[in-house]
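Sequence positions, counted from 1, serve as the residue numbers for this chain. Just so you know, these numbers use all the heavy atoms, side chains as well, and skip hydrogens, waters and symmetry mates.
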Amino acid sequence: MPVLKGVDHIHVFVTDRHAAEAWHHRVLGMTRIESLAFWAADPQGPLMIADASQSVCLSLFERPAQPCRSTLAMRVSGEAFRQWRAPLGEQLATPPGLEDHEVAWSLYFKDPDGNPFEITTYEYAMLVDELHAAA
């Protein structure tokens, strides 16, 4: 089999691309990929957004509301996980759910269109005392 280089982007279906773009910027710090902005000129095309390093890229497609069964899970360091907790709690209408997976910690939340997201770290040991005390 040919070698895969990684995940290029993930399709996320939203009811309002511009509102979704603003939410992803405010909550996750993602911005429009200007070199691909021409795709969004087509109402059926994607609006491409990414984090600062473009290691996480999303294609926002405007479609009618529909149930979503997939979760976009983003891996972070233990320290970054600690840093994400407060801003997510401030930005989201419902605080993110904290889950102890025994070898990993995860924060679960949804965007305004109901798309599920997860921020997870495998640096479990460095956070176990702090997060168990917070629970």
Side-chain angles (χ1 to χ4, degrees):
M1 298 294 291
V3 176
L4 299 171
K5 290 180 78 173
V7 174
D8 183 72
H9 65 277
I10 298 167
H11 291 207
V12 177
F13 299 100
V14 300
T15 55
D16 181 327
R17 278 195 306 201
H18 297 293
E21 178 183 21
W23 184 89
H24 284 87
H25 179 70
R26 186 179 78 254
V27 176
L28 298 173
M30 295 185 155
T31 58
R32 183 181 295 217
I33 301 172
E34 291 299 337
S35 64
L36 301 175
F38 69 95
W39 284 341
D42 177 348
Q44 296 298 308
L47 174 60
M48 302 291 291
I49 61 172
D51 66 332
S53 67
Q54 291 194 5
S55 61
V56 177
C57 298
L58 304 179
S59 297
L60 301 179
F61 286 91
E62 192 166 294
R63 301 288 190 270
Q66 54 190 295
C68 179
R69 296 186 324 224
S70 60
T71 300
L72 170 58
M74 298 165 282
R75 186 186 301 192
V76 298
S77 69
E79 184 56 36
F81 188 88
R82 182 182 284 138
Q83 294 169 358
W84 272 109
R85 290 187 69 218
L88 286 175
E90 294 166 6
Q91 292 293 330
L92 300 171
T94 302
L98 174 64
E99 189 71 34
D100 178 349
H101 295 297
E102 298 182 7
V103 296
W105 291 100
S106 293
L107 293 168
Y108 292 95
F109 56 99
K110 292 183 179 182
D111 73 9
D113 288 289
N115 294 302
F117 287 81
E118 173 185 359
I119 292 179
T120 191
T121 183
Y122 290 92
E123 294 179 19
Y124 181 85
M126 81 174 279
L127 298 169
V128 69
D129 292 337
E130 174 185 336
L131 295 179
H132 280 171

Under 4.5 Å between side-chain heavy atoms, counting indirect links through other Ile/Leu/Val/Met/Phe/Trp/Tyr residues: same cluster for [X] and [Y] or not?
| X | Y | answer |
| --- | --- | --- |
| Leu47 | Phe13 | no |
| Ile49 | Val76 | yes |
| Leu58 | Trp84 | yes |
| Ile10 | Val56 | yes |
| Leu107 | Tyr124 | yes |

If you round to the nearest 0.5 Å, how far is [atom2] of [Y] from [atom1] of [X]?
| X | Y | atom1 | atom2 | value |
| --- | --- | --- | --- | --- |
| Leu28 | Phe109 | CG | CZ | 5.0 Å |
| Ser59 | Asp8 | OG | CG | 7.5 Å |
| His11 | Arg63 | NE2 | CZ | 9.5 Å |
| Phe81 | Leu131 | CZ | CG | 6.0 Å |
| Phe117 | Ser70 | CZ | OG | 9.5 Å |

For the residue pair [X] and [Y], what are the closest heavy atoms and their distance?
| X | Y | result |
| --- | --- | --- |
| Glu118 | Ser106 | OE2-OG, 2.6 Å |
| Thr15 | Pro64 | CG2-C, 4.2 Å |
| Phe61 | Gln44 | CD2-O, 3.5 Å |
| Ala50 | Ile33 | CB-CD1, 3.8 Å |

Stepwise, does the side chain to side chain contact (heavy atoms under 4.5 Å, CB included) test hold for Thr94 with Lys110?
CA-CA 9 Å; Thr94 302; Lys110 292 183 179 182; over 6 Å; no
Heavy-atom count check: over 12 atoms from other residues, nucleotides or ligands less than 6.0 Å from Gln66 CD?
yes
Arg75 meets the salt bridge (charged side-chain N to carboxylate O under 4.0 Å, His left out) criterion, sequence neighbours left out, with none
Is the closest side-chain heavy-atom distance between [X] and [Y] below 4.5 Å?
| X | Y | answer |
| --- | --- | --- |
| Pro43 | Glu62 | no |
| Val128 | Glu130 | no |
| Leu88 | Ile119 | yes |
| Asp51 | Met74 | no |
| Met48 | Trp39 | yes |
| Glu123 | Glu79 | no |
| Leu60 | His24 | yes |
| Glu21 | Val14 | no |

With a 3.5 Å distance limit and no angle check, can you tell me whether His25 reaches the backbone of Met30 through a side-chain donor-acceptor pair?
yes
Measure from the side-chain N and O atoms of Thr120 to the backbone N and O of Trp105, and report whether any donor-acceptor pair falls under 3.5 Å.
yes
With side chain to side chain contact (heavy atoms under 4.5 Å, CB included) as the criterion, how do Leu72 and Asn115 come out once you've worked through the C-alpha distance, each side chain's angles and the decisive distance to 0.1 Å?
CA-CA 8 Å; Leu72 170 58; Asn115 294 302; over 6 Å; no
